[in-house]
Amino acid sequence: MSSTNVASLRRRENRVDTHALESTVAALLTPGKGILAADESFLTIEKRFDALHIPSTEENRRAYRELLFKTTGLNEFISGVILFDETIRQKSSDGVLMPELLAAQGIVPGIKVDKGTVAFANFPGEKITEGMDGLRERLAEYRKLGARFTKWRAVLSIGKSIPSHSCIEENADTLALFAALSQEAGLVPIVEPEVLMDGSHTLARCEEVTLMTLGCVFGSLLEHQVTLEHMLLKTGMVLSGSKSAEQASVAAVAEATNRCLRRAVPAAVPGIVFLSGGQSDIVATERLNAICAAGAAPWTLSFSFGRALQDAALKTWLGVTANAEAAQAALHHRAKCNSLALLGKFSANSELATSVRSEPVKTTTTSQKTELTAIH
Ligand code: 13P
């Protein structure tokens, strides 16, 4: 390597603020805390709102996210929140930018930077993730807006002869490029190759696909010179397919998940955070508890749940201001239960002991649409 090249490499290394990356990783992996995924895209939040007859207006999305982030005591159990592009630019009703609202509570703001999935040409039933165009510039902007970490989600479906090697490789390469660009921008990447639970496959098949996927992802991360110490892996638990007649026990899920992760994830990776992927909230907590209770993992284990943290809160809120406090209590409760699970201390009693759910006072009707769009 010429001396000019060495000098330019040093300049590049100096530009990457490794101290900032290290402190973000440490904050996200604070013992007993996890990440709230509140980064639903327009389509996804609309699906969740539609199911409860809540109109997906900009104001309702803002009010809902504000409600979540203003939950008293959220920072006892939540270390970071993943935001969506719309939310990172929005302000709370009292005029505070959402990332500042979180940072003021010691919660690290993060951002989903992928632009969702599209069909993978020539490979029916498989998907790749878009969002590379202009990513370097978007990352710089997100950092200015207060984000300290990023997330990119790839999805792999299990079916007859899928996932194909081509699909796994394509997604692994994209994830690695995203991670490299994030670190360059001083943002900690959360690399998320999600193996979907949809289908009638066995636990063993999910383990095989997850192992193959993670193996390929870590190969690509190394090829792209991503610093493993400055990233987090977000993965699903190893589960039986949601339509499989034979559902693995909590203990079997924990055993398969731990075995698979130990085989595939280098010890240099500081943390693995689980997505909930459509499991019901209490089941996700039970399984997380069993995985963590096994102990002696080389990485910190935590959660980065979307639905398993939010479902009860959303069903309680229903778009009605008067339900906000009860919805916040539901979120706080789930966050606390999952925090207990990280310590292997969750039990059925934890649900009873800390449960503060109350019935929503109203349900959505057409006549409430005016109120829904006027919530502040
Ligand atoms: P779920 O926990 O609802 O799967 O969402 C997590 C997430 O961030 C998916 O990208």
Side-chain angles (χ1 to χ4, degrees), residues 28 34-49 51-52 64-65 68 77-88 107-118 127-131 147 149-158 171 174-175 178-179 182 188-199 206 210 213 217 231-239 241-242 253 257 271-288 291 301-315 330-331 334-335 337-339 341-342:
L28 290 174
I35 297 170
L36 166 64
D39 60 333
E40 298 84 0
S41 63
F42 290 123
L43 273 179
T44 305
I45 196 79
E46 188 169 11
K47 203 164 84 183
R48 308 257 189 277
F49 276 18
L52 298 166
Y64 174 61
R65 266 80 181 238
L68 298 179
F77 313 116
I78 297 296
S79 58
V81 172
I82 316 175
L83 301 166
F84 180 59
D85 180 80
E86 177 186 59
T87 323
I88 201 170
I107 297 175
V108 187
I111 181 80
K112 166 194 177 75
V113 302
D114 68 75
K115 292 196 168 174
T117 57
V118 290
K127 288 185 168 162
I128 51 165
T129 303
E130 291 191 319
F149 70 100
T150 52
K151 185 196 93 172
W152 182 288
R153 173 175 177 259
V155 297
L156 285 310
S157 298
I158 301 182
N171 277 305
T174 315
L175 280 165
F178 141 78
S182 293
V188 170
I190 297 190
V191 173
E192 182 184 11
E194 175 176 1
V195 175
L196 296 177
M197 61 189 263
D198 310 336
C206 178
T210 306
T213 302
V217 167
M231 61 159 276
L232 301 183
L233 172 72
K234 178 160 174 166
T235 181
M237 300 170 190
V238 174
L239 303 173
S242 54
V253 165
T257 303
I272 301 176
V273 294
F274 291 100
L275 57 96
S276 57
Q279 304 174 71
S280 78
D281 52 9
I282 296 177
V283 170
T285 309
E286 282 171 347
R287 289 169 173 166
L288 179 68
I291 292 167
L301 293 174
S302 189
F303 57 89
S304 174
F305 291 164
R307 284 162 285 183
L309 276 170
Q310 293 184 52
D311 272 359
L314 184 57
K315 282 181 186 142
L331 171 64
R334 284 262 49 87
C337 286
N338 286 307
S339 167
L342 297 182

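Remember, it's 1-based here, ligands and their atoms both numbered in the order they're listed.
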| remark: Any heavy atom of Ser304 under 4.0 Å from ligand 1? The part involved is backbone

| query | Which of the numbered atoms in ligand 1 are below 4.0 angstrom from a heavy atom of Lys234? | reply | 6 (C), 7 (C), 8 (O)

| Can you tell me the protein heavy atom closest to atom 9 (C) of ligand 1 and the distance? | Glu192 OE2, 3.3 Å

| query | In Å and rounded to the nearest 0.5 Å, what is the CG to CD1 distance from Leu36 to Ile107? | reply | 8.5 Å

| message | Taking Ser304's backbone N and O only, do any of them form a donor-acceptor pair with Lys234's side chain (distance below 3.5 Å, no angle check)? | response | yes

| message | At under 4.0 Å between heavy atoms, is it the side chain or the backbone of Arg307 that contacts ligand 1, or both, or neither? | response | both

| Rounded distance (nearest 0.5 Å) linking atom CZ of Arg287 with atom CZ of Phe274 | 12.0 Å

| Between Glu194 and ligand 1, is there a nitrogen or oxygen pair with a distance under 3.5 Å? | no

| Any side-chain heavy-atom pair from Thr174 and Thr129 closer than 4.5 angstrom? | no

| query | Which ligand 1 atoms, with their elements, are less than 4.0 angstrom from a heavy-atom of Ser276? | reply | 1 (P), 2 (O), 3 (O), 4 (O)

| field | contact_flag Gly277 ligand 1 heavy-atom lt 4.0 Å | value | yes

| Subset of ligand 1 atoms that lie under 4.0 Å from at least one heavy atom of Phe305 | 2 (O)

| field | Close N or O approach (Leu275, ligand 1; < 3.5 Å) | value | no

| Pro189 backbone acceptor or donor facing Ser182 side chain under 3.5 Å | no

| Expected output: side-chain Thr257 to main-chain Val238 donor-acceptor under 3.5 Å | yes

| field | Proximity to ligand 1 by part of Ala37, non-hydrogen separation under 4.0 Å | value | side chain

| said: If we ignore hydrogens and angles and just use 3.5 Å, is the side chain of Ser339 paired with the main-chain N or O of Ala335 as donor and acceptor? | reply: no

| Which value, rounded to the nearest 0.5 Å, describes the distance between Glu40 atom CD and Phe49 atom CZ? | 8.5 Å

| task | May I ask whether Lys112 places a heavy atom under 4.0 Å from ligand 1? | result | no

| note | CG (Leu196) and CD (Glu194) are apart, to the nearest 0.5 Å, by 5.0 Å

| remark: For Gly306, the atoms of ligand 1 under 4.0 Å from one of its heavy atoms are 1 (P), 2 (O), 3 (O), 5 (O), 6 (C)

| field | Proximal candidate to atom 10 (O) of ligand 1 [heavy atom criterion; set Gln310, Gln279, Lys151, Met197] | value | Lys151

